[in-house]
Amino acid sequence: MKRIPVYTVSGFLGSGKTTVLVKMAEEFKKRGKQVGIILNELGDENVEKHLFEDQKVYELLNGCICCTIQDDLVRTLKGFLSGEQADVLLIEGTGVANPLEIKDVLLSPALIEEFELISMIGIVDASHYLEYQSMFSSSKEIRSLLKEQIISSDFIILNKIDIVNEKEKEKVKHKIEKVISSEIEIFPASYGNVPFEKLAGQRHRIVSLSDTKEHHHHHHHTIGTLKIEDLPSIQLKVLESWLKEINGLIRAKGYLREEGETEPREMQYAARKIVISDTEVNTEKTVLILIGQDLNIKEIRESFNRIFQ
């Protein structure tokens, strides 16, 4: 029986993983492939599932598949072997997942004969990488995680180069090159636009957990989520200003209804900017999900209620 080819997509919070995943899924579908997708979220809700409405999507929520819900990943993978047909499988970990631990599941004795790990694609946010590397604006936990995500990658997308200058782009590229093998390609991109042949044509290198001296299990225990539901209509400028003031906030997303609008739309907050999707979502629900390090939940809820309720 032919093994199911697998691609993993990793990268820190807000780097553009889902954008790349959507493009890959669409291209595989155009080529007549049945695509299976596994999406992982730290919280209990995935507001981006609607982007894959015509695909076979499995959501793994409330934890990270690289550690706390690794058994859920094993069960989901086995589900593809017991009835769910897929020609190719795409796995997106959370923004704080260590891809090497996902790889260890795929290469375990129980699954290695059924799945073929083709490539581990890493995505780096060029606009925030230097900030995350700074001891003054980041934490050791985040710096170690970023390094683990990069050194495990077979192919690296240096994303969001449209919002950095050439000097900063080259500085980020140089820092990445210092921790990866010389044969690993770093591909500059904007909005995750990478030729499909680049994404699908990579081949996995043999790297194990023992090759990474700084590996730690459960290394992101200080990064968590907060969900706020049933939101009132909101002014985006006020919301963006509020988000910028939250200590430790790295990422936010959800379904919001702008003032003057009747239907909720998808909202993404990364690189300290809000982006609203032009496409209506098939839901009446409004929800805001905050992701960050050492978030003060009581303080955040109180300030939200004071400003928006």
Side-chain angles (χ1 to χ4, degrees), residues 6-31 33 35-43 45-60 65 88-97 99 102 118-129 132 146 149-150 153-164 169 172 176 185-202 250-256 265-281 289 291:
V6 181
Y7 296 81
T8 69
V9 179
S10 67
F12 196 56
L13 298 161
S15 58
K17 296 184 298 301
T18 304
T19 300
V20 171
L21 199 74
V22 168
K23 294 177 187 294
M24 289 187 72
E26 289 175 348
E27 288 298 325
F28 274 120
K29 186 178 177 183
K30 286 179 184 177
R31 287 160 171 76
K33 301 293 186 182
V35 183
I37 299 169
I38 297 177
L39 302 176
N40 183 208
E41 286 287 342
L42 287 174
E45 186 157 357
N46 189 334
V47 300
E48 293 153 331
K49 185 180 179 181
H50 68 281
L51 298 172
F52 306 95
E53 285 182 344
D54 57 346
Q55 309 282 1
K56 292 184 177 179
V57 178
Y58 285 80
E59 297 177 285
L60 299 180
I65 54 179
V88 61
L89 179 61
L90 309 178
I91 301 177
E92 178 189 350
T94 70
V96 295
I102 300 173
I118 301 296
S119 180
M120 301 176 72
I121 299 168
I123 306 176
V124 174
D125 177 356
S127 68
H128 271 63
Y129 184 77
Y132 291 143
L146 282 169
Q149 290 178 339
I150 289 168
S153 300
D154 302 307
F155 176 65
I156 295 174
I157 301 170
L158 185 58
N159 203 23
K160 304 189 181 182
I161 61 167
D162 53 304
I163 54 177
V164 299
K169 185 190 82 171
V172 172
I176 295 172
E185 181 178 0
I186 302 173
F187 191 91
S190 300
Y191 302 100
N193 287 322
V194 179
F196 179 73
E197 290 69 24
K198 288 281 186 186
L199 293 170
Q202 304 300 318
I250 302 170
R251 184 90 160 83
K253 50 190 173 181
Y255 299 137
L256 301 179
R265 294 186 185 272
E266 182 188 347
M267 183 279 294
Q268 298 282 345
Y269 174 80
R272 297 175 63 81
K273 290 184 178 180
I274 283 179
V275 176
I276 294 289
S277 171
D278 293 332
T279 306
E280 291 185 3
V281 293
I289 300 168
I291 308 170

Go through the steps to decide whether K23 and E27 satisfy the test salt bridge (Lys or Arg N to Asp or Glu O under 4.0 Å), and finish with yes or no. CA-CA 6 Å; K23 294 177 187 294; E27 288 298 325; over 6 Å; no
Step by step, would you call V124 with I156 a side-chain contact (heavy atoms from CB on, under 4.5 Å)? CA-CA 7 Å; V124 174; I156 295 174; 4.0 Å; yes
Hey, mind stepping through V164 and V172 against side-chain contact (heavy atoms from CB on, under 4.5 Å) and telling me if it holds? CA-CA 10 Å; V164 299; V172 172; over 6 Å; no
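Between atom NZ of residue K253 and atom OG1 of residue T18 there is a gap of 6.0 Å, rounded to the nearest 0.5 Å. Taking OG1 from T19 and CG from N193, the interatomic distance works out to 9.0 Å, rounded to the nearest 0.5 Å. From I276, atom CD1 reaches atom OH of Y255 across 12.5 Å, with rounding to the nearest 0.5 Å. Here M120 contributes atom CE and I102 contributes atom CD1; the two are 7.0 Å apart, rounded to the nearest 0.5 Å. Taken from CZ in R272 to CD1 in I250, the straight-line distance is 12.5 Å, to the nearest 0.5 Å.
By the 4.5 Å heavy-atom criterion applied to side chains, Y129 and L158 are not counted as neighbours. Residues K273 and Q268 are not in side-chain contact: their nearest non-hydrogen atoms beyond the backbone lie 4.5 Å or more apart. Put simply, the side chain of L39 reaches to within 4.5 Å of the side chain of L21, judged on heavy atoms. Between L89 and I38 the shortest side-chain heavy-atom distance falls below 4.5 Å. Under the 4.5 Å side-chain criterion, counting only non-hydrogen atoms from C-beta, E92 is not in contact with I37.
Crowding of F196 atom CZ: a count of heavy atoms from other residues, nucleotides or ligands under 6.0 Å exceeding 12.
Between K160 and G14 the shortest heavy-atom distance is NZ-O, 2.5 Å. Residues V35 and K29 approach most closely at CG2-N, 4.2 Å, considering heavy atoms. Residues Y191 and N159 approach most closely at N-OD1, 3.5 Å, considering heavy atoms. Of all heavy-atom pairs spanning S190 and I161, the tightest one is OG-CG1, 3.4 Å.
Between F187 and F155, the ring planes lie tilted relative to each other; the angle falls in the 30° to 60° range.
The side-chain hydrogen bond (donor to acceptor under 3.5 Å, both in side chains) search around S277 returns none, not counting sequence neighbours. Every residue meeting the side-chain contact (heavy atoms from CB on, under 4.5 Å) condition with S119, not counting sequence neighbours, appears here in chain and number order: Y7, I121, D154, Q202.
The closest donor-acceptor contact from the side chain of K17 to the backbone of G11 lies under 3.5 Å. Here the side chain of Q149 pairs no donor or acceptor atom with the backbone of S10 at under 3.5 angstrom.
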